[in-house]
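Input: a single structure, listed below in structure tokens.
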Amino acid sequence: MPPKLISHLFPCLIFVTLLLLTLYFNLLSHTQPSSPSPPCNLFKGKWVLDPTRQPLYNHTCPFHRNAWNCLKSQRQNMGLINSWKWVPESCTLPRVDPTRFLGLMRNRNIGFVGDSLNENFLVSFLCVLRVADMGAKKWKRKGAWKGAYFPKFNVTVAYHRAVLLAKYKWGYDKFPKERPLVFYHAGQPISPPLEMLDGLKLVLENMVSYIQKKFPSKTLKFWRLQSPRHFYGGEWNQNGSCLFNEPLKESQLDLWFDPSNNGVNKEARYLNHLIEEVLRGTEIQRLDLTHLSEFRADAHPAIWLGKKDAVAIWGQDCMHWCLPGVPDTWVDILSELIHYSLETG
């Protein structure tokens, strides 16, 4: 992040890293002066059971991470998890066509920036696209974390792991008012100290300004909003669980995620409000995957973590997503938004 405004905290654990989630699409000759709105809201809809629906890839995809490869870990109900289809209210969301998409991206570069949840997204993206180019190779370059190269289309997908936007696990209980955070501007502590959300807003404003200056308008930019967690009965380190057999009902979502209910999963909506406020009026497009993902308490790795004693050490994983799974729908939406942006730009 830009050096002129930083928060002075401690090493990160889980949550704060969800904030730096911008994806950059270097579209070369394409000009993108503003953020066109698609004619349909792809983010509002419902999950519909479709028994004929099948994943586009399996456990053999070379880009998998073991902890999220739920087919390999023999997670229960993987067939059912992948039989749910996201249906927007007022239009159809087509499944991504990997060949068509890579053809559109030919000779271009795609970049993901973020934490492990964006890596979760990345793995889905790479495994889906590999269907169109089985010769895809793992890619690594100094300054980047990892990625893939698709030789048939001369497309590179890079991932830069950025986990230290602010160096601690966010949580309202972690920073009581008598021990305020210290935010720095131009090397000097801001006085009087800012409260946590005010400081976070300032950090976000600085990040967005930096992105706008450093990446020209020909670069198509998306900011993924928060990916919801589904810890039931306690936090990740307090025996929180997500052993569910089906998606949540619409009527249950506020009980889980409305900040006024003060549950363990409340931060996503709180932070989304701040992010949306900061992004308003910029050319950075919102990738608002929060609502559709809130339903899917059934689709996390939970206790199937691919490693012996992992649950005893780390607890259930109710934050990342099984692959194949929900992030494949994220890929469908992202590809549709890219297609629309290119066609209308």
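Quick caveat: nothing in here was measured; it's all calculated off a predicted structure. Index from 1, following the sequence.
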Task: Criterion salt bridge (charged side-chain N to carboxylate O under 4.0 Å, His left out) on K46 and E250, from CA distance to verdict - done: CA-CA 8 Å; K46 61 183 179 180; E250 178 95 40; over 6 Å; no
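- Aromatic ring orientation, W321 versus W330: perpendicular (interplanar angle above 60°, classes split at 30° and 60°).
- Interatomic distance, L129 CG to I110 CD1, rounded to the nearest 0.5 Å: 6.5 Å.
- The heavy-atom pair separating S73 from L305 by the smallest distance is OG-C, 4.2 Å.
- Of all heavy-atom pairs spanning L248 and E294, the tightest one is CD1-O, 3.5 Å.
- Residue Q238 qualifies as enclosed at atom CD: its count of foreign heavy atoms under 6.0 Å is above 12.
- Panel note: side chain W256, backbone Y232; no donor-acceptor pair is recorded below 3.5 Å.
- Rounded to the nearest 0.5 Å, atoms OH (Y270) and OG (S260) are 9.5 Å apart.
- Side-chain contact check for F121 versus L287: some heavy-atom pair is nearer than 4.5 Å.
- In terms of heavy atoms, H300 sits closest to H230 at NE2-ND1, 2.7 Å.
- Without hydrogens or angle criteria, D328 side chain to S124 main chain gives no donor-acceptor distance under 3.5 Å.
- Using modelled atom types, one side-chain atom of K221 and one backbone atom of T219 make a donor-acceptor pair closer than 3.5 Å.
- In the hydrophobic clustering of ILVMFWY residues, with side-chain heavy atoms under 4.5 Å counting as a link, L255 and W47 come out apart.
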Task: Working for side-chain hydrogen bond (donor to acceptor under 3.5 Å, both in side chains), residues Q285 and S341 - done: CA-CA 10 Å; Q285 298 188 49; S341 295; 3.1 Å; yes
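- Under the 4.5 Å side-chain heavy-atom criterion for grouping Ile, Leu, Val, Met, Phe, Trp and Tyr, V311 is connected to L243 within one hydrophobic cluster.
- With contacts defined as side-chain heavy-atom distances shorter than 4.5 Å, the pair R224/N118 qualifies.
- For E246, the side-chain hydrogen bond (donor to acceptor under 3.5 Å, both in side chains) partners at least two apart in sequence or on another chain are K249.
- For the atom pair CG (L274) and CG (L225), the distance works out to 11.5 Å, reported to the nearest 0.5 Å.
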Task: Intermediate values then yes/no, salt bridge (charged side-chain N to carboxylate O under 4.0 Å, His left out), R229 and E267 - done: CA-CA 9 Å; R229 310 179 304 154; E267 292 95 343; 3.4 Å; yes
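- The backbone N or O of P193 lies less than 3.5 Å from no partner atom in the side chain of S191, so there is not a single donor-acceptor pair.
- Summarising the geometry of C242 relative to Q316, their closest heavy-atom pair is N-OE1, 3.0 Å, with the distance given to 0.1 Å.
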Open item on the list: Run K138 and K146 through side chain to side chain contact (heavy atoms under 4.5 Å, CB included) and show every step you take.
Closed with: CA-CA 7 Å; K138 292 183 179 180; K146 63 173 68 174; over 6 Å; no
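- Although no hydrogens or angles enter the test, the distance criterion places a donor-acceptor pair under 3.5 Å between the side chain of R106 and the main chain of K152.
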Open item on the list: With side chain to side chain contact (heavy atoms under 4.5 Å, CB included) as the criterion, how do F150 and K137 come out once you've worked through the C-alpha distance, each side chain's angles and the decisive distance to 0.1 Å?
Closed with: CA-CA 7 Å; F150 297 85; K137 302 174 182 179; over 6 Å; no
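- Looking only at distances, a side-chain donor or acceptor of S293 sits under 3.5 Å from a matching main-chain atom of L289.
- Here OG1 of T329 is found 7.0 Å from CG of L93. Values are rounded to the nearest 0.5 Å.
- Each of I81 and M319 belongs to its own hydrophobic cluster when Ile, Leu, Val, Met, Phe, Trp and Tyr are linked at side-chain heavy-atom distances under 4.5 angstrom.
- Among all heavy-atom pairs drawn from S83 and G79, the shortest one is OG-O, 2.7 Å.
- In this structure, the side chains of L126 and V157 come closer than 4.5 Å at one or more pairs of heavy atoms.
- When side chains are defined from C-beta on, M105 counts as touching L342, because their heavy atoms get closer than 4.5 Å.
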Open item on the list: Between R53 and N82, does the side-chain hydrogen bond (donor to acceptor under 3.5 Å, both in side chains) criterion hold? Intermediate values first, please.
Closed with: CA-CA 7 Å; R53 189 175 178 85; N82 283 285; over 6 Å; no
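- N77 places no side-chain N or O within donor-acceptor distance of the main-chain N or O of L80, the cut-off being under 3.5 Å.
- Using a 4.5 Å cut-off on side-chain heavy atoms (C-beta onward), V123 and H64 make contact.
- In this structure a side-chain-to-backbone donor-acceptor pair under 3.5 Å is missing from R100 to V96.
- Scanning both residues, D254 and R269, for their nearest heavy atoms gives OD1-NH1, 2.7 Å.
- Within the 3.5 Å criterion, the main-chain N or O of F244 finds no donor-acceptor partner in the side chain of D298.
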TODO: Starting from the C-alpha separation in whole Å, work towards a yes-or-no answer on side-chain hydrogen bond (donor to acceptor under 3.5 Å, both in side chains) for Q226 and T290.
DONE: CA-CA 6 Å; Q226 301 295 287; T290 306; over 6 Å; no
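- Under the 4.5 Å side-chain criterion, counting only non-hydrogen atoms from C-beta, L42 is in contact with C40.
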TODO: Verify side chain to side chain contact (heavy atoms under 4.5 Å, CB included) between I284 and Q212, making sure each step is shown before the conclusion.
DONE: CA-CA 8 Å; I284 301 173; Q212 295 278 79; 3.9 Å; yes
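- Aromatic ring orientation, F295 versus W86: tilted (interplanar angle from 30° to 60°).
- The shortest side-chain heavy-atom distance between P301 and R75 does not fall under the 4.5 Å cut-off.
- Expressed to the nearest 0.5 Å, how far CG of L323 lies from CG of L71 amounts to 9.0 Å.
- The one candidate from F222, W223, F125, Y159 that meets the ring-ring contact (aromatic ring centres under 6.0 Å, His included) condition with F112 is F125.
- At a threshold of 4.5 Å between non-hydrogen side-chain atoms, the residues E276 and L279 do not count as touching.
- Atom CZ of F63 sits about 9.0 Å away from atom CG of L122, to the nearest 0.5 Å.
- Applying the 6.0 Å contact sphere to CG of N261 captures more than 12 heavy atoms from other residues, nucleotides or ligands.
- Clustering ILVMFWY residues whenever any of their side-chain heavy atoms sit less than 4.5 angstrom apart, transitively, puts V331 in the very cluster that holds V155.
- Panel note: side chain E336, backbone I333; no donor-acceptor pair is recorded below 3.5 Å.
- Cluster annotation: V131 and F153 are assigned to the same hydrophobic cluster (Ile/Leu/Val/Met/Phe/Trp/Tyr, side-chain heavy-atom contacts under 4.5 Å, transitive).
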Task: Working for side chain to side chain contact (heavy atoms under 4.5 Å, CB included), residues T156 and R108 - done: CA-CA 7 Å; T156 299; R108 292 168 172 164; over 6 Å; no
